[in-house]
Participant: 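Can you read through this structure? Questions will come right after.
Just so we're clear, the structure is a prediction, and the values are computed from it rather than from any experiment. Only heavy atoms go into these numbers, but all of them, side chains included; no hydrogens, no water, no symmetry mates.
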Amino acid sequence: MLFKSPELQVKASEEWFRDLPLSAKRGEILDYNGIKLATSVTTYDVYVRARNVKDKSGVASLLSNALNLDFDSVYAKVTNTSIGESLIKLQVDEDIALSLVNSGLKGIYLSQNVKRYYPYSDMLTQVLGYCTIDSSGQAGLESFYDLYLKGIPGKTLTQTTASGEDIENTLTYYIPSIDGVDMKLTIDIYMQTAMETALNNAMVEHNAKKAYGIILDAQTGGIKAMTIKPSFDLNNPDRTNLSLLNELSKNSCVVDVYEPGSTFKILTLAAALNEGLVSVDDKFYCNGSTTVDGQRIKCWKTTGHGSQTLQEAFKNSCNCCFVQLSSRLGVETFYNYLQMFGIGNKTGVDIASESAGLMLDESVVTNVDLARIGFGQAVAVTPLQLIYAVSGILTGKFTTPHLIDSLYNSSGKIYKYSVSSSNNTLNTETIEILRDFLRLNINQSEDELTFVAGYDVGGKTGTAQKYIDGSIASGKYVSSFIGVYPCDNPKYIMIVCVDEPSNGAYYGGVVAKPIGQQVFQEIFTKLNFLPDDENSLTIKKDVEMPNLIGLPISKAGAILKGIGLNYDVSGTGGYVVSQIPSYKTMLYKNEDVLIVTT
């Protein structure tokens, strides 16, 4: 007792007291504006101490009826005096729990707990993730930052006899729990809502397998929106089908890789311009295909684009031009640029299971491989990886993308995300040319901002074939769009992807670009962005798309030229079998349309 008193008192306390846990309140997750995305509500865990139960049948009946449990299972716990206390049910709502302890029946005990609640149900499903029933993070940010969010549990201690019965009129000790810290994200609920709505609509309109999108703050690296569809209600994850739950929980924006197709041409053009291997005055000729080491590589427009400037080749998304550019670069130089752009490496985003993408080892790249990489084939990226690369190219610095802004406890902010960035080696002229090309790519001219009337938005579309087990999957595509705003000093970079659209249309310009347009328009309206050019607000869609189905190509082309529309032809047949956009769609003068032949 003289030398080991503290140690012996601890051992004695373990024998004298029975304890019940007090769960810590899990930290809240907030958007950038302080709006709650994940919060916790108080619930109670219900226990019985069989040695204190006087009316065993009455207690078992009360608990089984109130908690919708099997009577026999509850009765077995109520009568099992070999156990100090038995858990009956976790996370019981407060009104039900209090009615149990106020029933007058002895032996029923409550322990305070918390239950996770997501006010926006299926919004940010794969980003936020969800928790187990005992409030441990199981997926998404809930898992990644679980150490900070979960807090430290407390307990209550009650003195008991040697047989485990409560000793009346003795002290009950209360060790309070320590709440988890609150976490503010870079996510903006208004941008997120715009993306969620647009992708939900796209899933229905195009009968797609999946759709996903990101909006990145190019200046800070903060992710303002990240959406993956389909999703599920975070308040009711279906744990009966774990394989489906795991699939729906996967964050495709950082896990899944795909061949990006023509959106990758931004990277190829940046490298070629910066090396001085091409200029805006260069001309390119496309007859529909080109040959590399005896292998024919087709342009998407099999009839060819003819003679074109560099800017026209970029707008036409001409594969033949970009085969030439990648050939001029050569493997070593091109790979050096791709490494600088982050291709083949993880971005470092603060969420689990990020993929690094797929690249051929530089030592085995053939001339044909190099040609295909130039227009976005033979290389695979994640959507976040690609948008990170484009952001770095257009701003002059590569900033680590992230979802967390800061952490707070009850006394205020305790941690601010430390932004990591590195400068690229692109010269100013290269960056300015790329910005101009992106603006001209989707607007009628630099003087007419028509994509979203009055706003300086630029962009590039992509259409990529999918591979299954190493072979091209017939009729399966990923349609994508990268958007930039404003072009003269990019603040926001957007990417949207639609995986396996199956209602007929699959071109990025037809499937993905309108989604980007819708999202930008919604953001500008909701967040009251002032227009960049008031004059462009007066430009209207005043040309109606005619019905060309069944007409000879020559006649259809003449009609389109006559009403001021540009057109491309897909296919080699003599008659129009479909058209994009559809009959009576209103368009801007000089806008591009597509006519499809057999």
Participant: Does a side chain donor of either T382 or E354 reach within less than 3.5 Å of an acceptor in the other side chain?
Facilitator: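 No, no side-chain donor-acceptor pair sits under 3.5 Å.
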Participant: So S262 and K460, side chain to side chain contact (heavy atoms under 4.5 Å, CB included) or not? Walk me through it.
Facilitator: CA-CA 8 Å; S262 294; K460 182 76 184 76; 3.6 Å; yes
Participant: Of all the heavy-atom pairs spanning K25 and S40, show the shortest one and how long it is.
Facilitator: CG-CB, 4.3 Å
Participant: Which class fits the ring pair F524 and Y455: parallel under 30°, tilted 30 to 60°, perpendicular over 60°?
Facilitator: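 Rings of F524 and Y455: parallel, as their planes differ by under 30°.
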Participant: Check V496, I214, N200 against M195 for a side-chain contact (heavy atoms from CB on, under 4.5 Å) and give me the one that passes.
Facilitator: V496
Participant: Between E196 and Q192, is there a side-chain donor-acceptor contact under 3.5 Å, judged purely by atom types and distance?
Facilitator: yes
Participant: If you measure from OG1 on T43 to CG on D93, what distance do you get to the nearest 0.5 Å?
Facilitator: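 Interatomic distance, T43 OG1 to D93 CG, rounded to 0.5 Å: 7.5 Å.
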Participant: Contact between D146 and R26 at the side-chain level, heavy atoms closer than 4.5 Å - yes or no?
Facilitator: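 Side-chain contact under 4.5 Å: yes.
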Participant: Take the angle between the ring planes of F232 and Y130 and call it parallel below 30°, perpendicular above 60°, tilted in between.
Facilitator: perpendicular
Participant: Take a 6.0 Å sphere around OH of Y190 and say whether it holds more than 12 heavy atoms from other residues, nucleotides or ligands.
Facilitator: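 No, not enclosed.
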Participant: Look up atom CZ in F529 and atom CD1 in I523, then write down how far apart they are to the nearest 0.5 Å.
Facilitator: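 Rounded to the nearest 0.5 Å, the CZ-CD1 separation comes out at 7.0 Å.
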Participant: Could you tell me whether D456 and R439 have a side-chain N and a carboxylate O separated by less than 4.0 Å?
Facilitator: yes
Participant: Step through it carefully: locate the ring centre of F451, locate the ring centre of F481, and say whether they are under 6.0 Å apart.
Facilitator: yes
Participant: How about K466: does its NZ atom have over 12 heavy atoms from other parts shown lying under 6.0 Å from it?
Facilitator: yes
Participant: Might you confirm whether atom OH of Y408 has over 12 heavy atoms from other residues, nucleotides or ligands at distances under 6.0 Å?
Facilitator: yes
Participant: Any side-chain donor paired with an acceptor under 3.5 Å for D532 and Y485?
Facilitator: yes
Participant: Would you compute the distance between atom CG of D45 and atom CG of L90 and round it to the nearest 0.5 angstrom?
Facilitator: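 Answer for the CG-CG pair, D45 versus L90, is 4.5 Å.
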Participant: Do the charged groups of K250 and E247 touch, with an N to O distance under 4.0 Å?
Facilitator: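 Looking at E247 together with K250, the answer is yes, because their closest N to O distance falls below 4.0 Å.
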Participant: Grab the two heavy atoms, one from Y118 and one from G129, that are nearest each other, plus how far apart they are.
Facilitator: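 Y118 and G129 have their closest heavy atoms at OH-O, 3.5 Å.
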Participant: What heavy-atom pair brings L234 and T125 nearest, and what distance separates the two atoms?
Facilitator: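 The pair with the smallest heavy-atom distance is CD2-O, 3.7 Å.
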Participant: For T263 and S480, work out which heavy atoms get closest and say how close.
Facilitator: CG2-OG, 3.6 Å
Participant: If I compare all heavy atoms of L527 with all of M191, which pair ends up nearest, and what's the gap?
Facilitator: CD1-CE, 3.8 Å
Participant: Salt bridge between D217 and K491, side-chain N to carboxylate O under 4.0 Å?
Facilitator: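 Yes, this pair counts.
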Participant: Just by distance, no angles: are the side chains of E28 and T39 close enough, under 3.5 Å, to form a donor-acceptor pair?
Facilitator: yes
Participant: Take a 6.0 Å sphere around OH of Y32 and say whether it holds more than 12 heavy atoms from other residues, nucleotides or ligands.
Facilitator: no
Participant: Would you call V127 and L37 a side-chain contact if the rule is heavy atoms closer than 4.5 Å?
Facilitator: no
Participant: I want to check something: taking the side chain as every heavy atom from C-beta on, are D188 and N33 in contact at a cut-off of under 4.5 Å?
Facilitator: yes
Participant: Any chance you could measure Y417, atom OH, to L407, atom CG, to the nearest 0.5 Å?
Facilitator: 12.0 Å
Participant: Do N52 and Y109 have a side chain donor and acceptor closer than 3.5 Å?
Facilitator: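 On atom types as modelled, these side chains qualify, holding a pair under 3.5 Å.
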Participant: About how many Å separate CG of L110 and OH of Y47, when rounded to the nearest 0.5 Å?
Facilitator: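 The distance works out to 10.5 Å.
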Participant: Above 12 or not: heavy atoms from other molecules or residues under 6.0 Å from NZ of K115?
Facilitator: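 No.
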